[in-house]
Amino acid sequence: MLDIQLLRTDLDHIAARLTSRGHTFPIAQFNALEAQRKSIQTHTQALQAKRNATSKQIGIAKQKGEDVSAIMAEVAQLGDELKQAENQLASIQAELQQILLVTPNLAHDSVPEGKSDADNREIRRWGTPRTFDFAIQDHVSIGESLGLLDFATAAKLSGARFNVMKGGIARLHRALAQFMLDTHVQEHGYTEVYVPYLVNAECLRGTGQLPKFEEDLFAVHAGSSSLSDSTVPTEQHPFKLHLIPTAEVPLTNIVREEIIPLEQLPLKLVAHTPCFRSEAGSYGKDTRGLIRQHQFDKVELVHIVHPQKSYEALEQLVSHAENILQKLALPYRVMTLCTGDMGFSAAKTYDIEVWLPAQNTYREISSCSNCEAFQARRMQARFRNEKGKPELLHTLNGSGLAVGRTLVAILENYQNADGSVTIPSALQSYMGGLDQLAIESGQ
RNA sequence: GGAGAGAUGGCCGAGUGGUCGAAGGCGCUCCCCUGCUAAGGGAGUAUAGGCUCAAAAAGCUUAUCGAGGGUUCGAAUCCCUCUCUCUCCGCCA
C-alpha cells in the first residue's frame with residue numbers, strides 16, 4: 001500500500017510513475033473522494049467534539065446535583081446528525097482504502113522502464129551451459145523413462161498440473177529441500193521456520209495477494225456445513241482459508257501488527273513449504289512437465305529489515321539464492337525486472353534464471369524482491385526506531401529456490417547418454433551416497 | 001463436543017455508566033541531590049488520523065481499554081455476536 005500522504009501531496013507525479021507499471025490510477029475519483037473526505041471528516045469531528053464537551057458538562061452538573069434537562073435538550077438532536085456523518089465518513093474512507101489496496105508499489109529509481117519481460121535487464125551470468133554429444137531429453141522423458149515421474153497417475157488423482165514422483169526422484173526432491181534449508185541456516189544465518197499452509201484473508205491482504213489476485217489462489221473451508229447454513233462471509237467471520245501460494249505469505253505476516261525492537265533486526269527467515277497456485281490465466285502455458293504446477297515445493301527466504309538497509313539486504317538475498325545454484329553447479333543468469341514485469345508489491349525485483357538445456361534457454365527459478373514499506377504498511381508491521389518511535393519496516397522475499405524447478409534443472413543438466421542422471425556432488429550426502437539415478441537404482 | 005475463567009498502555013495491575021487515554025507499581029528518558037557498584041526527590045514516557053501552517057515547530061481536535069455491533073446525552077464499565085488464551089472432561093494424529 002502506498003502512503004496516502006504521498007498521494008495527497010504529489011498525485012500527478014505518483015500516477016505517472018504507476019503508469020509505467022501498467023497501472024492507471026483513478027486520479028479524478030481519488031481527488032473527488034479526498035475533497036469529500038476532508039469536509040465530512042472535519043464536520044464529523046466537530047460534532048464529536050461538541051458531543052464530548054456537552055456530555056462532560058452533564059456529568060459535572062449531575063455530580064453537583066444541578067438540573068441537566070436544559071443541556072440534555074440541547075444535545076438531544078445531535079445524535080442523528082452525528083451518526084449520519086460518521087456513516088458517510090466510513091463509506092468514503094472505505095472507498096479510498098479500496099483504491100489504495102489495488103494500487104501497486106512504486107518502482108525504485110534503479111528499475112529499468114519497460115513493458116514486458118523483453119525489457120528486463122540481464123546483470124550477470126554464472127557458469128557455462130554444458131555441451132552435449134548426444135540427443136538430449138527434457139526432464140519429462142528423462143523422469144518417465146526412469147519410471148520415477150508419473151504425470152498420468154497424478155492426472156488420475158487430481159488433474160492436470162500435478163505430479164507424482166517416486167523412488168530416486170522423490171528422494172532427490174526431498175534432498176534438494178533439505179540441502180537448501182541447511183545451507184541457508186548454516187551458511188547464511190537464517191532462522192528455520194515451520195508455518196501454516198492455510199492462512200486467513202488478512203495475511204493475504206498484508207502481502208498483497210488480496211483483494212486483487214484472489215483468482216490465483218485456492219481456498220478451502222472447514223466441512224460442508226460452514227457453507228450450507230447461509231453463513232455470510234464477512235471480514236469478522238471468515239469461513240474460509242486460502243492455501244498459501246508461497247511461504248512469503250505466512251513468513252512475512254509473522255510481523256503483522258507487531259512492533260519489533262530495533263536490536264532484533266534484521267530478521268532472516270527461511271521455510272520449506274508446498275505452494276498452491278490456481279494458475280488461472282496461464283492456460284496452455286508450460287503444460288508439459290514440472291515447470292508450472294498447481295502444487296510445488298519452495299524454500300522461501302524472507303528478510304525483515306530497517307528501511308535504510310533494505311537494498312543492501314536485497315543484494316544479500318539474491319546472493320544466497322545464487323549460492324545454491326553455484327553449489328549445484330547449475331548455470332544461471334540474474335535479471336533486473338523492468339517496471340512493467342514486476343509483481344504488485346515489489347519496488348525492485350531480481351529474477352534468477354537457470355539454464356534448461358532441453359528448452360535451450362534460461363528459465364526463472366527464483367524471484368527476489370524488495371517490497372520496501374508496501375507490505376509493512378498493509379500489515380502495520382513496525383519497529384521501534386533510534387528515537388524510540390514506531391516506524392514501518394521494509395520486507396523482502398525471495399525463492400531460495402523453487403524446488404521443483406531445481407529438480408528439472410538437475411535432471412536436464414546432469415543427464416547422461418544412457419538415460420541416467422548424475423547426482424550433483426553437493427547432494428550425494430543427502431542421497432545416502434548415491435551418485436546417479438539409473439533405471440535399476442530408482443526402485 | 002461439554003463446563004468454566006479471562007483478554008486493559010513496553011510489562012504487571014486497578015478500574016462495573018460521568019471531568020478516564022485510563023490509578024498504582026515496574027521499566028525507560030531527562031533533571032536534582034548524594035557522591036564513588038546503593039539509596040532518595042522531581043518531571044516525562046501509547047498509537048493512528050484530521051484541521052490550521054509554505055514547511056518545521058506548535059496548537060486545536062478525533063478515534064482506540066481483544067474485534068465488531070447495540071443501549072445511552074455520555075461506555076474500559078451494561079447488552080449482543082465473534083476471535084483468541086487458560087483450566088477441567090470427552091475425542092483424536
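Since the structure is predicted, the reported quantities are computational estimates derived from the model, not experimental observations. Labels below follow one simple rule: chain letters A, B, ... track the order of the sequence lines, proteins then strands, and each chain is numbered from 1.
Taking the six-membered ring for Trp and thresholds of 30 and 60 degrees, A/H184 and A/H188 have ring planes inclined between 30 and 60 degrees apart.
Between B/U8 and B/U77, the distance separating the two C1' atoms is 11 Å to the nearest Å. A distance of about 38 Å separates the C1' atoms of B/A56 and B/A67, rounded to the whole Å. Comparing the C1' positions of B/G74 and B/G18 gives an interatomic distance of 7 Å, to the nearest angstrom. Distance noted for atom C1' between B/A75 and B/G68: 15 Å (whole Å). When the C1' atom is compared between B/G49 and B/A43, the two are found 29 Å apart, to the nearest whole Å. Of the C1' atoms belonging to B/C11 and B/A5, the separation is 22 Å, rounded to the nearest Å. Spacing between B/G27 and B/U19 at atom C1', rounded to whole Å, works out to 30 Å. For the P atoms, the distance from B/G41 to B/U34 is 15 Å, rounded to whole Å.
Base pairing of B/A7: its partner is B/U83, meeting the Watson-Crick or G-U wobble criterion (both donor-acceptor distances under 3.5 Å). Judged by Watson-Crick or G-U wobble contacts below 3.5 Å, the nucleotide B/C20 has no partner. If you check B/C91 for Watson-Crick or wobble pairing at under 3.5 angstrom, you find it has no partner at all. Nucleotide B/A76 has no partner under the Watson-Crick or G-U criteria, as no pair reaches both atom distances under 3.5 Å. The partner of B/A58 is B/U52, by the rule that a Watson-Crick or G-U pair needs both atom distances under 3.5 Å. B/A63 is paired with B/U47 under the criterion used here, namely a Watson-Crick or G-U wobble arrangement in which both key atom distances are under 3.5 Å. Within the shown strands, nothing qualifies as a pairing partner of B/U34 under the Watson-Crick or G-U definition with both distances less than 3.5 Å.
Atom CG of A/L392 and atom P of B/U47 are 13 Å apart (whole Å). Between the CG atom of A/D67 and the C1' atom of B/C73 there is a distance of 14 Å, rounded to whole Å. One interatomic measurement links the two molecules: CD of A/Q380 to P of B/G66, which rounds to 19 Å at whole-angstrom precision. Atom CD1 in A/I4 sits roughly 10 Å away from atom P in B/C51 (whole-Å rounding). A/I259 has its CD1 atom 12 Å from the P atom of B/G9, to the nearest Å. Atom-to-atom, CD of A/Q97 to P of B/G49 comes out at 11 Å; the value is rounded to the nearest Å. Atom P of nucleotide B/G66 and atom CD of A/E202 are separated by 17 Å, given to the nearest angstrom. The CG atom of A/L96 sits 11 Å away from the P atom of B/G50 (whole-angstrom rounding).
Using a 3.5 Å distance cut-off with no hydrogens or angles, the side chains of A/E86 and A/Q48 do pair a donor with an acceptor. There is no side-chain donor-acceptor pair under 3.5 Å between A/Q88 and A/Q41. In this structure, a donor-acceptor pair under 3.5 Å is absent between the side chains of A/N323 and A/H320. Side-chain contact of A/Q436 with A/T422: a donor-acceptor pair under 3.5 Å is absent, judged by distance alone.
Mapping A/E391 and A/A46 onto RNA chain B via the closest heavy atom, the residue that lands nearer the 5' end is A/E391. If you find the closest nucleotide of RNA chain B to A/G79 and to A/I60, the one lying nearer the 5' end belongs to A/I60.
A/K389 comes within 4.0 angstrom of the backbone, heavy atoms only, and of no base. Among the atoms of the strands shown, only primed sugar atoms or phosphate atoms (P, OP1, OP2) are found under 4.0 Å from some heavy atom of A/P390. Heavy atoms of A/E257 sit nowhere under 4.0 angstrom from any nucleic acid atom. A/Q63 comes within 4.0 angstrom of a base, heavy atoms only. Nucleic acid contact for A/K387: none, since no nucleic acid atom lies under 4.0 Å from a heavy atom of the residue.
In this structure, A/K83 reaches the B/U71 phosphate: one of its side-chain N or O atoms is under 4.0 Å from OP1 or OP2. Residue A/R8 places no side-chain N or O under 4.0 Å from the OP1 or OP2 atom of B/G49. Between A/R37 and B/U62, a side-chain N or O to OP1/OP2 separation shorter than 4.0 Å is absent. In terms of phosphate contacts, A/N52 brings a side-chain nitrogen or oxygen within less than 4.0 Å of OP1 or OP2 of B/U62. Proximity of A/R382 to the phosphate of B/U47: no side-chain N or O atom is located under 4.0 Å from OP1 or OP2.
The side-chain contact (heavy atoms from CB on, under 4.5 Å) test with A/R256 singles out one residue from A/E202, A/Q380, A/Q375, A/R205, and that residue is A/E202.
Between the side chain of A/Q41 and the base of B/G49, no donor-acceptor pair of N or O atoms lies under 3.5 Å. For a distance-only test at 3.5 Å, the side chain of A/K62 qualifies as a donor-acceptor partner of the base of B/G18.
For A/S55, counting side-chain heavy atoms from C-beta on, the closest listed nucleotide (B/U62, B/U52, B/C73) is B/C73. Checking B/G10, B/C73, B/C51 against the side-chain heavy atoms of A/R384 singles out B/G10 as nearest.
Within the 4.5 Å cutoff, the side chain of A/H242 has no heavy atoms near those of the A/F276 side chain.
Atoms CG and CZ, on A/D297 and A/R405 in that order, are 13.5 Å from each other to the nearest 0.5 Å.
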